[in-house]
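Note sheet for the following structure.
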2 protein chains.
Amino acid sequence: MAVDQLSRAFVALADPTRRDIVARLSVRDATVGELAESYAISMQAVSKHLKVLEEAGLVSRSRDGQRRPCHLEPQVFELMTSWIERYRRQAEERFSRLDALLADLADETAPTGENDHDHDHSDRDRDRDRPQQSEGVPS
Amino acid sequence: MAVDQLSRAFVALADPTRRDIVARLSVRDATVGELAESYAISMQAVSKHLKVLEEAGLVSRSRDGQRRPCHLEPQVFELMTSWIERYRRQAEERFSRLDALLADLADETAPTGENDHDHDHSDRDRDRDRPQQSEGVPS
DNA sequence: GTTGTTCTCAACCAATCGGTTGAGGATCGG
DNA sequence: CCGATCCTCAACCGATTGGTTGAGAACAAC
């Protein structure tokens with residue numbers, strides 16, 4: 001319960017059935033029963049899956065009589081892509097500029113006076129979930 | 001082990017420690033020991049996390065003496081965003097054109113002859129992991 | 001009302017997960 | 001060679017996960 005939204009979202013999409021439900025809901029809203037027909041599992045199991053998706057903020061449910069139509073919510077998807085893209089971009093940057101590595105090597109063998117390989121640790125911003133020494137170990 | 005890459009990737013990023021490792025590796029490559037210093041868990045635990053990230057294809061490891069420097073691999077990140085973005089886009093489309101819903105309602109009350117609410121099921125492309133009746137239920 | 005449909009809750013189960021400790025492989029540096 | 005360092009493997013543990021079945025809440029329809 002003390003788990004952040006990003007974790008919940010990734011957990012939710014880690015299951016193939018749940019991803020498939022997302023795929024279906026992207027086409028049209030659907031009720032629990034409608035969804036359950038497509039899978040070889042019980043409706044209760046589908047209901048559980050939907051609960052996971054809902055608590056992750058990926059899906060919302062309204063009321064229509066005794067039906068509970070499910071609807072896809074785009075916002076958290078955006079949150080996920082922005083997280084992923086941030087680090088993908090950085091990784092690709094570092095990849096394309098491996099000349100920097102060369103420069104670092106040169107620096108190591110012939111220090112030109114300005115050793116700039118101790119500053120890069122700055123924009124880490126790991127304070128989102130921070131499984132650190134001090135507070136990590138949730139157990 | 002019969003689990004697809006997308007599942008492995010989402011599972012890998014579902015853990016806060018693993019996401020933090022990704023954040024760190026996006027700045028610079030690091031060895032297991034270096035990473036382990038930052039967390040309140042044993043090096044063995046960090047090693048396990050790295051194994052998960054590696055098997056998801058998010059991280060690769062090279063050799064340098066007895067060190068195992070870890071490196072971020074952008075490709076699978078791209079795979080993830082393209083999956084997410086696909087459905088986010090579709091959800092947002094449906095959101096912005098809820099006039100279609102209105103049309104569907106009108107169709108229901110006054111069928112104009114062409115009932116076009118049975119065709120949209122076409123671009124589902126659920127054949128990626130397909131937890132279906134026939135083959136679902138992996139257990 | 002009663003009956004039927006849709007869905008959720010609760011208890012249970014096997015399997016997996018994130019962590020631990022202990023042992024040991026591989027490599028560097030004397 | 002020997003010891004130290006870096007890392008992985010193996011066994012174990014408690015908590016969580018994805019599924020089940022059974023009971024029942026909530027509403028529709030008769």
Side-chain angles (χ1 to χ4, degrees), chain A residues 1-4 7-21 29-56 59-71 129-133 135-139, chain B residues 1-4 7-22 29-56 59-71 129 131-133 135-139:
Chain A
M1 273 229 179
V3 56
D4 59 300
S7 289
R8 275 196 293 261
F10 279 117
V11 165
L13 295 188
D15 185 279
T17 302
R18 251 138 34 198
R19 282 203 306 280
D20 195 73
I21 289 176
D29 293 357
T31 67
V32 182
E34 280 166 9
L35 291 169
E37 285 170 8
S38 309
Y39 311 105
I41 60 177
S42 65
M43 181 165 56
Q44 290 96 317
V46 173
S47 186
K48 276 193 190 179
H49 281 308
L50 285 168
K51 197 176 176 185
V52 173
L53 288 166
E54 190 179 23
E55 282 170 352
V59 155
S60 65
R61 282 137 122 185
S62 42
R63 279 241 106 159
D64 171 28
Q66 71 255 57
R67 317 285 189 80
R68 304 295 315 276
C70 303
H71 178 74
D129 21 52
R130 209 173 349 118
Q132 214 98 355
Q133 290 136 317
E135 70 96 8
V137 180
S139 130
Chain B
M1 281 228 174
V3 57
D4 59 300
S7 289
R8 275 195 294 260
F10 279 116
V11 165
L13 294 188
D15 185 278
T17 301
R18 247 129 48 190
R19 281 202 307 280
D20 195 73
I21 289 176
V22 166
D29 293 359
T31 66
V32 182
E34 280 167 6
L35 291 169
E37 286 171 8
S38 308
Y39 310 106
I41 59 178
S42 64
M43 182 163 56
Q44 290 96 317
V46 174
S47 187
K48 276 193 191 178
H49 281 309
L50 286 168
K51 197 176 176 186
V52 172
L53 288 167
E54 189 178 24
E55 282 169 353
V59 155
S60 65
R61 281 137 121 186
S62 42
R63 280 240 110 174
D64 170 30
Q66 73 253 61
R67 317 286 188 80
R68 304 297 313 279
C70 303
H71 179 74
D129 23 52
Q132 215 98 355
Q133 290 134 322
E135 69 96 8
V137 183
S139 142

CA sep, side-chain torsions, deciding dist, call: A:His49, A:Asp15, side-chain contact (heavy atoms from CB on, under 4.5 Å): CA-CA 9 Å; A:His49 281 308; A:Asp15 185 279; 3.8 Å; yes
Closest to side chain of A:Gln66, choosing from C:dC7, C:dT5, C:dC28: C:dT5
Candidate nucleotides D:dT20, C:dT27, D:dT8, ranked by approach to the side chain of B:Arg63 - the nearest: C:dT27
What's the shortest heavy-atom distance between [X] and [Y], and which atoms?
X: B:Met43; Y: B:Gly33; result: SD-CA, 4.1 Å
X: B:Asp20; Y: B:Tyr39; result: OD2-OH, 2.6 Å
X: A:Arg18; Y: A:Val11; result: NH2-O, 3.1 Å
X: B:Ile21; Y: B:Leu53; result: CG2-CD1, 3.8 Å
X: B:Asp4; Y: A:Pro16; result: OD1-CG, 4.3 Å
X: A:Leu13; Y: B:Phe10; result: O-CD1, 3.5 Å

Calculate the interatomic distance between [X] atom [atom1] and [N] atom [atom2]; express it in whole Å.
X: B:Ile41; N: D:dC13; atom1: CD1; atom2: P; value: 21 Å
X: A:Asp15; N: C:dA15; atom1: CG; atom2: P; value: 17 Å
X: A:Asp64; N: C:dT5; atom1: CG; atom2: P; value: 17 Å
X: B:Glu54; N: D:dC7; atom1: CD; atom2: C1'; value: 13 Å
X: B:Tyr39; N: C:dT20; atom1: OH; atom2: C1'; value: 19 Å
X: A:Arg67; N: C:dC7; atom1: CZ; atom2: P; value: 6 Å
X: B:Asp20; N: C:dG18; atom1: CG; atom2: P; value: 15 Å
X: A:Ile21; N: D:dG18; atom1: CD1; atom2: P; value: 11 Å

Salt-bridge criterion met for B:Arg8 and B:Glu55 (N-O under 4.0 Å): no
Near-strand residues of residues 43-50 of chain B, defined as heavy-atom separation under 4.0 angstrom from DNA chain C: B:Gln44, B:Ala45, B:Lys48, B:His49
B:Arg19 versus A:Ser7, side-chain donor and acceptor atoms under 3.5 Å: yes
If you compare every side-chain N and O of [X] against the phosphate oxygens of [N] (OP1, OP2), does one of them come in below 4.0 Å?
X: A:Arg18; N: D:dG18; answer: yes
X: B:Arg61; N: D:dT8; answer: yes
X: B:Thr31; N: D:dC7; answer: yes

Axis-to-axis angle between the two ends of the helix from C:dG1-D:dC30 to C:dG30-D:dC1 (five base pairs per end, rounded to 10 degrees): 20°
